[in-house]
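Count residues from 1 along the sequence.
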Amino acid sequence: MNKEITKEVEAKEDKLDTLFKMQTALDGYIREKRNLNYSRGEWVCKKAQALTVELSEVLEEAQYKWWKNYGEIDDAKLKEEIVDVLHFFLGMCIDAGLTADELFDIYIKKNKENYDRQNGLSAKKGYEL
């Protein structure tokens, strides 16, 4: 999306909706430009694999090796890798058929369940302290 379209979309929609639209456009552009035609399941798998690689890059930028002498973390590079994770996560959501609203709703329910588990209020046992 160009900057004018992005500003127009942001003015009318919330940020998550904007990100979903932008990711849909980017994925469509890449698929068309590269003539890619995978099944829905293949796309989800490809995005999950790319997400795993990007998470590894986050680990590298965050200097996870406690046995190595590191310098300062490059905040800009770390943030860029985290955004790369978001790109593939959003693409995976879209390929799996999740909308921004569904992602939000499911997250809200799961967040409550996670609190309930920690407080011994869930039907799932083994989480409470």
Side-chain angles (χ1 to χ4, degrees):
M1 271 187 189
N2 67 34
K3 290 180 183 179
E4 291 144 8
I5 293 172
T6 303
K7 286 180 184 176
E8 182 182 321
V9 170
E10 286 174 347
K12 296 178 181 178
E13 296 179 303
D14 73 29
K15 291 177 180 176
L16 186 58
D17 286 326
T18 299
L19 293 177
F20 265 71
K21 280 188 183 259
M22 292 176 73
Q23 191 62 48
T24 298
L26 177 61
D27 286 350
Y29 177 79
I30 292 169
R31 289 172 189 187
E32 182 180 322
K33 186 112 175 133
R34 296 186 175 271
N35 196 28
L36 300 172
N37 188 24
Y38 299 112
S39 71
R40 187 171 151 226
E42 287 171 319
W43 275 119
V44 170
C45 290
K46 287 182 178 303
K47 299 284 175 66
Q49 184 178 24
L51 183 61
T52 302
V53 171
E54 293 300 336
L55 284 169
S56 295
E57 292 177 9
V58 169
L59 288 170
E60 288 293 332
E61 289 301 330
Q63 305 177 359
Y64 76 96
K65 295 177 182 174
W66 63 90
W67 61 91
K68 182 177 178 182
N69 298 324
Y70 285 109
E72 290 293 315
I73 291 175
D74 184 330
D75 286 339
K77 285 183 180 178
L78 177 60
K79 290 174 183 179
E80 185 177 331
E81 294 303 340
I82 291 169
V83 170
D84 286 345
V85 168
L86 181 60
H87 269 277
F88 288 110
F89 173 75
L90 290 171
M92 188 171 55
C93 288
I94 293 162
D95 291 330
L98 272 173
T99 66
D101 286 336
E102 287 175 314
L103 178 63
F104 182 84
D105 291 343
I106 293 168
Y107 179 91
I108 296 297
K109 289 175 189 168
K110 183 64 178 195
N111 187 269
K112 180 187 179 313
E113 172 64 17
N114 287 339
Y115 271 102
D116 287 349
R117 287 178 183 179
Q118 293 302 308
N119 294 316
L121 302 173
S122 174
K124 279 204 165 182
K125 300 302 175 196
Y127 293 93
E128 63 279 350
L129 295 175

Using side-chain heavy atoms (C-beta onward) and a distance below 4.5 Å, is Ile82 in contact with Leu78? yes
Check this for me: does any side-chain nitrogen of one of Asp27 and Lys47 sit under 4.0 Å from a carboxylate oxygen of the other? yes
Closest non-hydrogen contact found for Asp17 with Asp14 is N-OD1, 2.8 Å
Just wondering, are more than 12 heavy atoms of other shown residues or ligands nearer than 6.0 Å to CZ in Phe89? no
Euclidean distance, Lys110 NZ relative to Asn114 CG, rounded to 0.5 Å: 5.0 Å
Which distance, rounded to the nearest 0.5 Å, do you find between the SG of Cys93 and the CZ of Phe20? 4.5 Å
Do other residues, nucleotides or ligands put more than 12 heavy atoms under 6.0 Å from the CD atom of Glu42? yes
Is it true that atom NZ of Lys125 has more than 12 heavy atoms of other residues, nucleotides or ligands lying nearer than 6.0 Å? yes
Minimum heavy-atom distance between Ala100 and Leu16, given as atom pair plus value: O-CD2, 3.6 Å
May I have the list of side-chain donor-acceptor pairs in residues 115-124 shorter than 3.5 Å, sequence neighbours left out?
{"residue": "Asp116", "atom": "OD2", "partner": "Lys112", "partner atom": "NZ", "Å": "2.7"}
{"residue": "Arg117", "atom": "NE", "partner": "Glu113", "partner atom": "OE2", "Å": "3.0"}
{"residue": "Arg117", "atom": "NH1", "partner": "Tyr127", "partner atom": "OH", "Å": "3.4"}
{"residue": "Asn119", "atom": "ND2", "partner": "Tyr115", "partner atom": "O", "Å": "3.0"}
{"residue": "Ser122", "atom": "OG", "partner": "Glu113", "partner atom": "OE2", "Å": "2.4"}
{"residue": "Ser122", "atom": "OG", "partner": "Lys124", "partner atom": "N", "Å": "3.0"}

Same cluster or not: Leu36 versus Val44, using hydrophobic residues (I, L, V, M, F, W, Y) connected whenever any side-chain heavy atoms lie under 4.5 Å apart? no
Asp95 bridged to Arg31 by N-O distance under 4.0 Å: yes
Applying the 4.5 Å side-chain criterion to the ILVMFWY set and letting contacts propagate, would Leu90 and Val53 be lumped into a single cluster? no
Neighbour count >12 (heavy atoms, 6.0 Å) for atom CH2, Trp66: no
Quick one, Leu98 and Ile106 - any side-chain contact, counting heavy atoms below 4.5 Å? yes
Checking side chain to side chain contact (heavy atoms under 4.5 Å, CB included) for the pair Gln23/Leu19: CA distance, chi angles, key distance, verdict? CA-CA 6 Å; Gln23 191 62 48; Leu19 293 177; over 6 Å; no
Counting heavy atoms not belonging to Asn111, are there more than 12 under 6.0 Å from its CG? yes
Other residues, nucleotides, ligands: >12 heavy atoms within 6.0 Å of Tyr70 OH: yes
What's the separation between atom CZ in Phe88 and atom CD in Gln49, rounded to the nearest 0.5 Å? 10.5 Å
Between CG of Asp84 and CG of Leu51, what distance do you get to the nearest 0.5 Å? 10.5 Å
Would you check if Val85 and Glu81 make a side-chain contact, meaning some heavy-atom pair closer than 4.5 Å? no
What donor-acceptor contacts under 3.5 angstrom involve side-chain atoms of residues 56-65, with partners at least two apart or in another chain?
{"residue": "Ser56", "atom": "OG", "partner": "Thr52", "partner atom": "O", "Å": "3.2"}
{"residue": "Gln63", "atom": "NE2", "partner": "Gly71", "partner atom": "O", "Å": "3.3"}
{"residue": "Gln63", "atom": "NE2", "partner": "Glu72", "partner atom": "O", "Å": "3.3"}

